[in-house]
Number of protein chains: 4
Amino acid sequence: MKRQLILRERYNSVRSETLNLMAGLSPEDHLAQSSAEASPPKWHLGHTTWFFETLILKPSKQNYQVYNPQYAFYFNSYYEALGPRIDRAARASLSRPSLSEIHAYRDYVDKEVLDFIDDGPWPEDLLSTLELGLNHEQQHQELFLTDFKKALGQQAFFPVYRSDFVEDHRLIQSAQWIEIKAGLYDIGCGGNEFHFDNEGPRHKVYLNDYAISSELVSNADWQEFMEDGGYEKPEYWHMEGWEWLKKEAVCAPLYWLKEQGEWMQFSLSGLKSIRPDAALCHISFYEASAYAQWKGLRLPTEAEWEVAQNHFHWGERWEWTNSAYLPYPGFKEYDGPAKEYNAKFMINQMVLRGASIASPTNHSRPSYRNFFHPHFRWQFNGLRLAKNL
Amino acid sequence: MKRQLILRERYNSVRSETLNLMAGLSPEDHLAQSSAEASPPKWHLGHTTWFFETLILKPSKQNYQVYNPQYAFYFNSYYEALGPRIDRAARASLSRPSLSEIHAYRDYVDKEVLDFIDDGPWPEDLLSTLELGLNHEQQHQELFLTDFKKALGQQAFFPVYRSDFVEDHRLIQSAQWIEIKAGLYDIGCGGNEFHFDNEGPRHKVYLNDYAISSELVSNADWQEFMEDGGYEKPEYWHMEGWEWLKKEAVCAPLYWLKEQGEWMQFSLSGLKSIRPDAALCHISFYEASAYAQWKGLRLPTEAEWEVAQNHFHWGERWEWTNSAYLPYPGFKEYDGPAKEYNAKFMINQMVLRGASIASPTNHSRPSYRNFFHPHFRWQFNGLRLAKNL
Amino acid sequence: MKRQLILRERYNSVRSETLNLMAGLSPEDHLAQSSAEASPPKWHLGHTTWFFETLILKPSKQNYQVYNPQYAFYFNSYYEALGPRIDRAARASLSRPSLSEIHAYRDYVDKEVLDFIDDGPWPEDLLSTLELGLNHEQQHQELFLTDFKKALGQQAFFPVYRSDFVEDHRLIQSAQWIEIKAGLYDIGCGGNEFHFDNEGPRHKVYLNDYAISSELVSNADWQEFMEDGGYEKPEYWHMEGWEWLKKEAVCAPLYWLKEQGEWMQFSLSGLKSIRPDAALCHISFYEASAYAQWKGLRLPTEAEWEVAQNHFHWGERWEWTNSAYLPYPGFKEYDGPAKEYNAKFMINQMVLRGASIASPTNHSRPSYRNFFHPHFRWQFNGLRLAKNL
Amino acid sequence: MKRQLILRERYNSVRSETLNLMAGLSPEDHLAQSSAEASPPKWHLGHTTWFFETLILKPSKQNYQVYNPQYAFYFNSYYEALGPRIDRAARASLSRPSLSEIHAYRDYVDKEVLDFIDDGPWPEDLLSTLELGLNHEQQHQELFLTDFKKALGQQAFFPVYRSDFVEDHRLIQSAQWIEIKAGLYDIGCGGNEFHFDNEGPRHKVYLNDYAISSELVSNADWQEFMEDGGYEKPEYWHMEGWEWLKKEAVCAPLYWLKEQGEWMQFSLSGLKSIRPDAALCHISFYEASAYAQWKGLRLPTEAEWEVAQNHFHWGERWEWTNSAYLPYPGFKEYDGPAKEYNAKFMINQMVLRGASIASPTNHSRPSYRNFFHPHFRWQFNGLRLAKNL
């Protein structure tokens, strides 16, 4: 019974947090979508609910009455095995179903899931899927914040999400080199605590001697790079990074703009002056890598990051590594519909480690692998330097 | 005083009709935009209001307090002389200002315009601009209906605008050839009644003997064309029409789809069977022209249409002509900011004559020139045949 | 027999002129293609030959042995009725058949056509088609020069076609207004002399009083427009013209470039200083129209041009008119495979009148209708102004 | 002196091999370019020559007279530090300089390089760069064959390069699993023999127990995959692979086509039946990976391949691995202009190991790292399976 109480509480807490984050948004705000890669708030609400309905309720409850069979079309994200679905770029066209209908859908599914919990005990694999659903919803809480920031950032006149939202909790201190000895190390997650399939299995990697910075790169550091012509000198850039920069006319991090000679940045609390001692944010892998080249240093690999991570503070910025997002040796994807959760994305993306100020509390681990294409900048991305010894 | 009362009444009537048409739409419906060429309802609301504020209130009222200086950026459609503006394709990103703010903007401007009317008498040119603003708003009433139909039509599961909305008021009768003798005719509008600049001046055109059909082409006629392979035979098509058809995989009018062997069409009242005896609708100029070729006939020119129009019933479909949208001899565009109203579009477009079931009452004239690119289909477009004698 | 001798001579003269124009080009030059709209010299050689083979030899000679059945795929330009064909943009991929094979193909077909001429007399329609083939080849002689200029112009370092090729034969004199009275006029070609189907039938048009300039706009005139900010002021431009200019970063006529503060132009004889008193060349319809707006004047219609043309000198520049390329009243397209010659292009193009320094001798008439999309600039296009009286 | 003789001989041998490969091509064949990623033969001729001129002759010979200063613009491939250059996609526009001029350029530079060799002894770094130039030319010999195959393959009617060119030297035997024990292994090249910068330094990797197939996948194997619906089932594919397949309508390896029910493949010796027992070729990484998924197996990593490679036959197909192209630990790029040779491509590409039938003799090593984007198919790519133990 205790486990069921804990589960109920955790379920309620995660689900209500999603609504808390969106409280105060107008119905129209719920439709805002900046690009095909980002989703409108309304879609996040429906999709996370559909995930529970499809992976928990339909397989486990006999005679489960699907709330609305059309919703599978709207709210399936990318699961080929689960049928046809709306084009990603068209999610903002969802004027129907209305926001109130989606809220009713959430209420319906919540009641059913709580009943399901009460009806336990359940086999471990179902409970694991429930836990996956909760972690999935937490991922979408972060995505909501970053997607919505992007949507606001593309509107004129910099509308505000919440005037008290703080993006920089902690200021950058003077950096130290943390030195790690060469040797065989274990990385990845192999235990029983929750982790995504892509974090395992735990396995050995050999690392050479290396050092990693105790601090993220700061806005002041980045301005030095800019003032030294970092964005104008191809020698620091990957060829595809340079082509991207030219095509997109990139000359500063995302959300930076110059007003009357001063660099400002758009944040969830509006347009602000740049704090030199805050952690740099919203850069692509290309920019992170070019900065490291300019310094004569490099980005850490994800193994180097994980091995060293207990020696430094992290959690405000996702940190780009120089590791491609590929399966670990012995990787085993999820069974069933969740098979498509991570495995099919393991190409053309780079790994980020850590967490960000938009990550829900407790939704981070040293083994957590985030991943994005090298030109993506709208997550709260930063960078930390490393070097050979 | 009488003129002022009439003006007040007309102003109130046109303005409230816009709101009537959108009554019942959810805030999210107000944001629906199907493509760059079509606008969300919310934008139509703001743009028509901005038009009065900018062309009437700002030039005429001393110390007029602009409601919100940012709105010029949002609601300027294409007037280069009136400053920078939002990209057309981004109008759906307007989650801010909210719908209620836009309604408040309308109320504010309405009160100011009514005060302006009361403060008259006013010079004729200002009253003409006021009348232009009202005709402009009526054009947007029609555009709202066609744009919103397109937005609904792109959503899954065919949502309904209003279940009692009728697209086919009048059924097609058996067609007669109306014969017109060769000679010099006057076309265009030169009088004092309201007309757009592009309708004038009245001028002479020489026409050969010709005949024009008393009826529009019907759905049954079109199905015959389809069954005879009209969409598969390049010999009926302009080369660019054929390339368009191939690229877009066009094989039927817009909004037609086959369900279980039967042709259906999406309408503002939902998905319906096709009435064979209703007027064909939602075809491009390319399709209209190919149909005429297939029949061994042709489309009328706009002059032929105008000269013959009092001999046939019209007003439910905009009718494609084989005339390019170009200035009439002696054409004089509007002075002032309205200069850009029509003149700068006189390239690459074809003229349509008549009116449609979406046109507001009294918003049509024999000299009215509508115009669209030859591939546009989301207006209520139809066609009428002509031939040489 | 006399007619046959004349025909032989004319055939030989036209065919050899094509080879004369390409004499001195390397095999690689024969493959140069600047864009999908322009063709490599090799393709012009093959296509004009295929035209005779397909429209004369195959229909008229029993047991005619097609030179190579694959050539229909290579050398069909756009005739849907004549089978599948190579994509336009891929014509430069024609490394096979080799240039010498194409020369052999020309020799083969020439011999067969000359035999065909000797075997006459032939029915008039076949002789008309032969004459069409010769006029067709002359059109391609002009296209070769303009296409090859474009191909050279896109290469680095401005390679020369022929150092003695003169683009400006005649300098601009001081301009007069030629005044024409209002009235009914006949335009178009209805006689027995050769003309393309799109030039007929001869028909009546009513014109208002107007005046047309005795001279083309000169380079000096154009520089005045540029210096007055003509390319920076949207008020002179069609909306689509302005969008085109922004997208393509157009700020001068095609082939103009500034070197060390001086405007130069690329010509078939290399890079030259601009002669202020030469006729302006290589502008789009959008630019021509914007210039006229800037002058407070307008472009003539094609009817105005044709009615007035015997009062001024023409023939060095194709002259943009403000007429869309549409069928004349009573237009009858060619029968048979040549049906596609002109009719299917009658949409989205503007008419040019006159001829150019690249037009073959005797290949021009007052009724000749050239036509291009409004953004095309690589023909030798100029403009002449008109005004209402 | 002996070293100089050997160098002369090696230089002459590599340089003349390039000409041998292109012997028999027409001047037009030398211009054939299939896409931006592939280059025309003429460009390969000039670029490899420019490489010697720029990296050897200019830095080492006092008063060296550059053959033609414009050639740097034509023949620089991607070296930002070496100045502006022609757009890749425009290399086929190079009708000038002519083929004979490029041959003269080769002769001039060859004479100068041979003089340079005779003038030695030279410091080691210059000799290394000379060796790099020769290996560079060998890479372009292979690229010439694959690029030219692609150019021919896009022409109609399957033109032949050489009728005696054999793509399948060796038939697939019955496959064995080669088992490798877990442990620390050294991979990469650290010795003094020539290797590219990306092959070093030699370094340790930890591998789990694994097995790798003794044979490549054969055409017969692949047909089994196709017949089982491999190209229609998204569950085997990366999401981006599936989107690529849909967009490009991929349903078979590149150059395969079905004629009268039989699968054929285009080869450098023309269109041939598919040999079931030949090694599969011309597949993307996406296809290779989907095949492995379908078999319930996986691709090897590049470390696994290198550790096992002396246990199996390789050298006819480049073999896709599941390793991203990233720098080895301690990687040090070349100094000087060759810095851009490899390092700036280390993103978004996958590693291939081995060599192919188009690789020059002796131009392969166990440590050689080839790399391409996952959708590239026009190299002679194949695959070999691996599995965990």
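Not measured: the values here are computed from a predicted model. Below, read A as the first sequence line, B as the second, and so on, with proteins coming before strands; counting in each chain starts at 1.
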Is D:His373 close to A:Glu240 at the side-chain level, that is, under 4.5 Å between some pair of heavy atoms? yes
Would you compute the distance between atom [atom1] of [X] and atom [atom2] of [Y] and round it to the nearest 0.5 angstrom?
X: A:Lys339; Y: D:Glu235; atom1: NZ; atom2: CD; value: 7.0 Å
X: D:Met239; Y: A:Lys344; atom1: CE; atom2: NZ; value: 6.0 Å
X: A:Ile347; Y: D:Asn322; atom1: CD1; atom2: CG; value: 7.0 Å

Between [X] and chain A, which part of the residue has a heavy atom less than 4.5 Å away: side chain, backbone, both or neither?
X: D:Tyr325; result: neither
X: D:Gln293; result: side chain
X: D:Ser323; result: backbone
X: D:Ala182; result: neither
X: D:Trp237; result: backbone

Starting from the C-alpha separation in whole Å, work towards a yes-or-no answer on side-chain contact (heavy atoms from CB on, under 4.5 Å) for A:Leu326 and D:Met350. CA-CA 11 Å; A:Leu326 291 169; D:Met350 298 303 282; 4.1 Å; yes
Okay, A:Asn348 and chain D: the region with an atom under 4.5 Å from a heavy atom over there is both
Under 4.5 Å heavy-atom distance to chain D, tell me which part of A:Glu333 shows up: side chain, backbone, both or neither.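 Only the side chain of A:Glu333 comes within 4.5 Å of chain D.
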Atom NZ of D:Lys58 with >12 non-hydrogen neighbours under 6.0 angstrom: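 No.
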Output, in order, the C-alpha distance, side-chain angles, deciding distance and verdict of side-chain contact (heavy atoms from CB on, under 4.5 Å) for A:Glu80 and D:Trp242. CA-CA 10 Å; A:Glu80 296 283 350; D:Trp242 186 247; 3.3 Å; yes
Applying a criterion of heavy atom separation less than 4.5 Å, what residues of residues 294-303 of chain D form contacts with chain A?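 Residues of residues 294-303 of chain D touching chain A at under 4.5 Å: none.
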Chain A contact residues among residues 199-213 of chain D, heavy-atom distance under 4.5 Å: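 Only D:Lys204, D:Tyr206, D:Asn208 of residues 199-213 of chain D have a heavy atom under 4.5 Å from chain A.
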